[in-house]
Amino acid sequence: MAASAVRTTVTGALRCVTGNAVKRIFLPFGCIACVAVAGLPLRAQSQSKAGPPTYRNAKLPVEQRVADLLARMTGAEKAEMLSGSGWMESKPNSRLGIPAIKMADGPLGVRNWAGSSAVTNSPDITPVTSTAFPASAGMGASWDPELVERQGRAIAQEVKALGRDMILGPTVNINRVPVWGRNFEGYGEDPYLAARMGVAYIQGVQAEGVIPSVKHYAANNQEFERHRIDEKIDERALHEIYFPAFKAAVEEAGVWAVMSAYNKVNGQWCAENPHLLRETLKDRWGFKGFVISDWGSTYSTAGTINAGMDLEMPGGEPMRRWFSLPKTKEEGNGAGWLTADQVMAAVASGLVKQEYVDDAARRILRVMFMAGLFDRPHTAGGEVDTPEQRAVARTAATEAIVLLKNAGGVLPLGAPKVRSVAVIGPSAAVARTGGGGSSLVRPKYAVTPLDGIKEAAGPRIQVTHALGAAMEGEDPGRDAAQLLDEAVATARKADAAVVVVGYAPTLESESFDRKSMDLPAGQDRLIQAVAAANPNTVVVLVAGAPVTMTKWIDRVPAVLDAWYGGQEGGHAIGDVLFGAANPSGKLPVTFPKRLEDSPAFSHYPGADLHVEYAEGIYVGYRGFDKDHIEPLFPFGHGLSYTGFEYSNLSVAPASAAPGKPVQVSLRVRNSGPRTGAEVVQLYLHAIQPSVDRPPKELKGFSRVTLQPGQTQTVNFTIDRDAMSYYSTAKKDWVAEPGTFEVLVGASSRDIRLKGTFALRP
Ligand code: BGC
């Protein structure tokens, strides 16, 4: 439908060009009259006479179309492309028929986007509903890139259905500290895992002809003073920890857009940081798409363009209105620097080369052509929350769940042992689909854990409920002591108790960091009291990042982490608790015993607007391993209702020539009673390197689903990149000759098989 509409319009424009219908000058692509008025080069006019302009011809190569269109643009028109026209739209050009890029927030689904540009949170827009997918921390816990790709596709389909063109995601920032407010939006603490997931999401989105925007480049790891904080990060940590997911997005997924971060890195705001944007992203990695600023993160005209920024957002009237609010400036936002007049003035005064402006316009147009925005415009009115999209959300919420502890096989619940279940806690009867901020999706419906549990329990198991404790800011006027008493009484009467605890989007959110790693709202006390009343107490955690568990972990037999599970989170929890689904998630982040154990703890959040990432490359498990700190639950940990045996490790060749890969294979057998999926993890350890290297680093993983008794061979290839570290002296990756240990296991601290190989000089 959309494509034929475009063709009709093109024909109309052609008729206009041949001079038959001057009155049609309103047509989106202009006509000979307006082309002549605008004083376009004669070449363009004569081409128009011969047929549709080259750039409108969908059969021609993208670069040819871009070059043709650029040649038709005036300096002012090119300059106009560098800033948005609204809250979520780039600037259209009616003379040439360049549409606006219509954006929508993500990454956990399409963020509440209604019609033309407006501020997403504004009370005067009609809220739009779309599918709420699990938070990315949960998607990270699935270790299932194929699933993440399907999620990307499903989200992109909804972007199109709502008439938008671009989704502002994925977020691939690293979980550096457990209290970062946006941990739930990223894929955890490991750069390799984040890279695999980010690439999958981008591939899914781009396959649908929708523009993703991988964000926030770079090192957006805290909300505290996010607009002003200057992060001192050494080059090695940048390349080994904070860059890899962005690099993979460019080199492997050919990502179409990258969003810069709010913070400063090594003295310069990310939006005007030539080292990040021009030198690294564009020149070193060969990024061909466009850089978009985070909303309100620019502070100069020439500096920003020269650094490599292509599109400043937001723009136009909505930006001016927003920027007139005192709060916007107080928070440290900057905006309105790349308007056409300022860009042209900077060029005229020699502060900015015209070539940079051309390049920015070229990049934006290139992506628009690649995404088909000229040929197949996305019209609103499509279907969202389809059965297929719901199915992806439910599978994702299920695969996200990590079974952290299951002593005495208390799970799965069910007859004959369990005929009644008490469901307790401030997150039991509320569906917490995601964390707070620009990623929070408004779904059509959302299944609460309580409803999911009732459904999974079936009619023969009695399910009771008590609030137990009021989440901060919720259930005003409820007496804490009375709530606790009710919970204890409810738990005592049931065969098992499920306590659903955690955080809420009001407490774990973009714009601020969590106050601590502890559970808020007296939930520790609630768990202790319920556990004392019922020995079969299962804790279900709904949160985006680790919480302190030491006050009760030894008193409860089972714990599972459900993250923020999107609209189908409640179904997933019910299915796992009652065994309709076998848990297979693995932690994408280390759960420390105490916040103080986190390697970055003493280097967060900084003082006087400076923070030094003094832990360097020792983020997450890399730091726990180096300092021999016992975590509560290690990175990669996750149990199943079945068991897996690892055997027959082969590493070949034993001695590899430089640049040659090493092949690893092993056998995995489901030795337990149920079908289940295991995430086999491969870590590499350089023995006696000439520089400091982490005791182990994730370099491969494979998710295999096996029936009881089934065995499968799992293969990995260790290439030069996997063996390399980033040398600050050489300013490059170095694969140093020496011996490497190959560690294969079920978590970073449950290594089942070990082998070695040597890399020859
Ligand atoms: C967030 C981005 C988001 C943008 C637009 C910013 O505050 O950091 O992630 O895409 O707003 O809503």
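Hydrogens, waters and symmetry mates are skipped; everything else that's a heavy atom, side chains included, is used. Computed from a prediction, not measured in an experiment: that's the story for all the values here. Numbering of ligands and ligand atoms starts at 1, following listing order.
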Quick check: are there more than 12 heavy atoms from other residues, nucleotides or ligands sitting under 6.0 Å from NZ of Lys232?
-> no
As an exercise, identify every atom of ligand 1 less than 4.0 angstrom from a heavy atom of [X].
X: Arg182; value: 1 (C), 2 (C), 8 (O), 9 (O)
X: Ser438; value: 1 (C), 2 (C), 3 (C), 9 (O), 12 (O)
X: Arg226; value: 7 (O), 8 (O)

Check Arg153 against Gly204 and note the closest heavy-atom contact, atom names and distance.
->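 Smallest heavy-atom distance, with atoms named: CG-O, 3.3 Å.
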Nitrogen or oxygen of [X] less than 3.5 angstrom from that of ligand 1:
X: Trp295; value: no
X: Glu185; value: no
X: His216; value: yes

Sole residue of Lys282, Met81, Arg362 in side-chain contact (heavy atoms from CB on, under 4.5 Å) with Asp310 | Lys282
Distance flag, aromatic centroids of Tyr503 and Phe184, threshold under 6.0 Å |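 No, ring centres 6.0 Å or more apart.
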Tell me which part of [X] gets within contact of ligand 1: side chain, backbone, both or neither, using heavy atoms under 4.0 Å.
X: Met313; value: neither
X: Met88; value: side chain
X: Lys215; value: side chain

Using atom types as modelled and distance alone, determine if a side-chain donor or acceptor of Ser142 lies under 3.5 Å from a backbone N or O of Asp144.
-> yes
Do side-chain atoms of Ser297 reach the backbone of Ser293 as a donor and acceptor pair under 3.5 angstrom?
->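 No.
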Would you please determine whether Glu223 falls within less than 4.0 Å of ligand 1 on a heavy-atom basis?
->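 Contact absent.
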Heavy-atom gap Met259 to ligand 1 smaller than 4.0 Å | yes
Would you please classify the geometry between the Phe635 ring and the Trp143 ring as parallel, tilted or perpendicular, with 30° and 60° separating the classes?
-> tilted
With a 4.5 Å limit on heavy-atom distance, are the side chains of Pro99 and Phe374 in contact?
-> yes
